[in-house]
Amino acid sequence: MEGVLRSKGILPGDYVEVASSDGRIVRGVLMPHHEFSGVDIMTVKLDNGYNIGIRPSDDASVKLVKKGDQKTADQKAKMLTSAHHGASGSGPGPLPQVSVVSTGGTIASYVDYRTGAVKPAITADELARSVPELTTVCSPRTEVLYSVLSENMRPENWRNLAERVADHLNGGSRGCIIPHGTDTMGYTGAALSFSLSDLTGPVVLVGSQRSSDRPSSDSTLNLLSAVRLCVDSDLGEVVVLMHSTTDDGSCAVHRGTRVRKCHSSRRDAFESVNEPPIGSVRDGEVLLERDHDKRGCGKVRVDAKFDEGVAMLNFYPGLTASKLRKYADGASGLIIAGTGLGHVHQELIPEIERLTKGGVPVCITTQCIWGASNLNVYSTGRDMLRAGAMPLGDMLSETAYVKLSWVLGHTNDLEKCRGMMLADMRREMGDRRSL
Amino acid sequence: MPEDYYQSIGLMVGIEIHQQLSTGKLFCSCPCILSETVARRFDRLLRPSLSEMGEVDRAALEEAQKKLRFTYESTDSDCLVEADEEPPHSASDKAIRTTLLFSRMVGATPVDEVEFMRKIVIDGSNTSGFQRTALVSMKGKLDMRGKGIGIDTICLEEDAARRIAEEGQTVVFRIDRLGIPLIEIATAPDMRTPEEAREVAERLGTLLRATRMVRRGIGSIREDLNISITGGARVEIKGAQELGLIPQYVENEVKRQLALIAARDALKKRGIAEIPGIKVDITGRISKTGSKVMQKAISNGGVVLAVRLPGFSGLMRADENGVKRLGREMALHAKVAGVGGIFHSDELPDYGITDEEVEIIRGAVGAGENDGFAIVADSKFKANAAIDRVVLRARQALAGVPEETRDPMPDGTSSYSRPLPGRARMYPETDVPPITVTAELLAEIEELIPELPEEIVKRLQEKHSLSREQAEALVKSGFDSLFDELLVTGISSKLAARTLINTLPELEGEGLDVGVLTKEVLAGVLERVERGAFSKEGVPQLLKRMIEHGEAAAEAADALRLCGASGSQIEGVIDRIVSEKRDFILDRRERAVAPLMGLVMKELRGKADGKLLSDLLERKVNEILGVK
């Protein structure tokens, strides 16, 4: 189908006429081919606005009626942008500068109903147009760092991001907002926490669980709350900010090393694990109820070296020593999320010892997500300790993976590694868990 | 009105029918059941996208935002999909098939691939801010006794949440109804008389019910009427639920449009070319008025605004046929701005406003001989907005009939609702895979074509000895499939027919939801009657109680003390009544039976067969009269 259209010089946006096999004539605007559509199907937008799939009777039956006006939508967009440029920034005195460093999550977008295309709002002007309330509270400084689905991110992306965030903060921004895909937002939160020190403002990861083109999207509330956090608080930490509940009411501020995506689709998918969130933002008011690092006034420092050879897995009843050996082969470090208090089958204990003796750190967390691992209580745990396992307490497995990657980016020495893993660096592990 | 009358005025009517399906929800596995049990509530904001607002004015956005806070009630008939917390599942296969089946029944050609769209709706009735809708087939034809009524499109879409209440600035919706599949059938404007419109709506309803996949009960089918006459405009009456009122809606709309055209002509004749619409604040000048409405507004710190309506004198009140005209239309528009109503010069002096005050107002706005005026009393903001709307509507009167959407009223008239919707904002729903309409699928659908209503009538007559009227009534009411099912369980055709043809429609007419009376429930009740537990006359009150109180048959029967009376009990009651009324009987002779039957039924209704009681009563009366 694609070939036929191209040979006739027909592009999406052009007005076409198609005859289907039963003699029906259909006229409308050609739409881009849907991924899941059949290969012989043409999608046409009828005059009534509906898209339908049509199978042309043969190649000859597809005719170009009129070329589409490709420019109009973009021109209109530019006009609206410049209309806004004048409107923003009018108020008593200059507004605080807040950086928005995009990694790919679309925190704001708009729809071209003519073509059905959803376009992300990325530049400061587009953001201002899409979320005009933004410009009453801050002066946005935007950058598109990269545009990657978060499940496709690698430690290299963390490094680039950390460096740019530091640049922005050191360049005078009161805070740095990072729109990010929600799938691996927790991992990035941990990575930035370990990579950045002496923060002079909050580094806020935000996302949307409902795509930002919809009127019901959670993105706007998350974005505006993040701006408030940057402008009105004394916070100097890396955090994830998302809805607290299914309501469009309060947004929770989660510590970057303590946050996990716990639901595949809900607005309140993100939860702080083993401790409550640092605070919340509601109706434009920031409330930070718990102890947190405060913004400094010096220079933000970056140290984002990550080892890319760490492996992670859940223990499960069928995991034999030989499977573990195969999986761990070539790994520079291993995170095992054990069951309950962090246990594994006793058959694996010699394997843990072998790895440790070979210089490969084996760290233990609990796959229960909540609660702390504790290898002192049962004989299995004690045997694991004797074999050299490093007990990570109530650290999240995902955070442990990121931390170990960071630590091994700084040392090869197993004992130094043990020392750093067992010491709390960025509030990623703690001693107290309340009821 | 004769048919050629409507032809002479160029009446054109089109219908859009929305029918709920009973197949299960369109994009999830929840049941199509409305619920009264609210499990929890949640609050949301809807945000108009930039494309909605055009050039965004911050103040306008803020104002829009105030109206866009919603509270949603979640029940046991909805899930994360309706709560907009989970992506939609693939479109219901059953719903797609039912839509294709109906398309086949009216000869509409299906598309090769069904692609769902998101249609932006931000009044809160869709939690995601859009309605999912797809065009399934086009260009069918309904055969109405030789005349073909065109069916332009058949769409499949999800129903919206139910509006429950308004709590201050927030509107409350319940999401049990959200996601129920709707078949939307849009006809061409081929109907030419009010009666024809009703017939077409009825026929479409019958065909839909023939698929056996549609929901019954209040609100399960909604009709929109598109009406225009020569020189008038296309007006949509949206959401009519009573089939029987359709001819009245059409007739009244015709009258309304004719009256507005006449008003336009009168204005032209009076030489009115424009309406300046200058607002005059008359608060000070009529501050002593006896009008309660005005005094209330003034004491609350509000104002009374007046505006001259050049040439409008006499055009605002109802015309000689009683058709309400510009006064009512302007009042309805004003109400959209939040005020209770307006006063116009055609209805004054009245409502506490004196002749003198009318003169003062006329003077204040500079009204000439043929001029009228309108006044609004409310807060400054609302009064200004209301007068603006009045002037807008007045200006439209110069052109004749404005295109608009109207709400149907229970009395067969309609009232202004909102402007006709502009072109719908739609873009592809990329979460739902498109559905290919294959030759195999169409072949399967071909096998499912149901017995058409005419065929069912014939069968019922031949097989079950129903009269033609009974058979037609059964099919028209849609209870024919239930009839078949009841007969399978052993209920006699006479009893089943009586219950379905008379009793259920009567209950529906009383506003009760007979949808809760499933085949099992009804079979249970009628079986009791066949057994003699109580008589058939008791069935209507028993069913009514079961619906109203949500009771099972046994409970309800107990509560109503409905049980078979023994032979001796019956005799006892009749003997007592007959002896008490002995003189009455001797006086009235045979004509005493009918009134005495009333007394007997009062005591024994439902406890014994009516015929049995009337025979026994007649025998006892004859005994007294000495007649054999």
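When reading the values below, keep in mind they use all heavy atoms of this one structure, side chains included, and skip hydrogens, waters and symmetry mates. Chain naming here is simple, since letters A, B, ... match the order of the sequence lines and numbering starts at 1 in each.
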Contact class of [X] relative to chain A, heavy atoms under 4.5 angstrom:
| X | answer |
| --- | --- |
| B:D431 | side chain |
| B:L135 | both |
| B:M426 | both |
| B:V111 | both |
| B:T153 | side chain |
| B:T436 | side chain |

Seminar exercise, completed: CD of A:E17 to OG of A:S61, rounded to nearest 0.5 Å, is 9.5 Å
For this session: Against chain B, work out which of A:S211, A:S264, A:G53 has the most heavy-atom pairs shorter than 4.5 Å and name it.
Result: A:G53
Seminar exercise, completed: Assert top hit (heavy-atom pairs under 4.5 Å, partner chain B, pool A:S216, A:A269, A:G249) equals A:S216
Side chain / backbone / both / neither for [X] at chain B, heavy atoms under 4.5 Å:
| X | value |
| --- | --- |
| A:R24 | side chain |
| A:I52 | both |
| A:N48 | both |
| A:S37 | both |
| A:D40 | neither |

For this session: Under the side chain to side chain contact (heavy atoms under 4.5 Å, CB included) rule, what do A:I10 and A:V62 come out as? Steps first, then yes or no, please.
Result: CA-CA 9 Å; A:I10 299 178; A:V62 181; 3.9 Å; yes
Problem set entry | Pair B:E85, A:T246: side-chain N/O donor-acceptor within cut-off below 3.5 Å | yes
Problem set entry | Polar contact flag, side-chain donor to acceptor under 3.5 angstrom, B:T71-B:D43 | yes
Exercise. Any side-chain heavy-atom pair from A:R210 and A:R267 closer than 4.5 angstrom?
Worked result: yes
Exercise. Do NZ/NE/NH1/NH2 and the carboxylate oxygens of B:E158 and B:K119 come within less than 4.0 Å?
Worked result: no
Exercise. Are more than 12 heavy atoms from other residues, nucleotides or ligands located less than 6.0 Å from atom CD of B:E444?
Worked result: yes
For this session: Start with the C-alpha gap between B:R118 and A:D213, add the side-chain angles, then the distance that decides, and say whether salt bridge (charged side-chain N to carboxylate O under 4.0 Å, His left out) holds.
Result: CA-CA 11 Å; B:R118 293 179 185 171; A:D213 57 278; 2.9 Å; yes
Seminar exercise, completed: Only residue of B:R162, B:R174, B:R40, B:R177 satisfying salt bridge (Lys or Arg N to Asp or Glu O under 4.0 Å) with B:E73 is B:R174
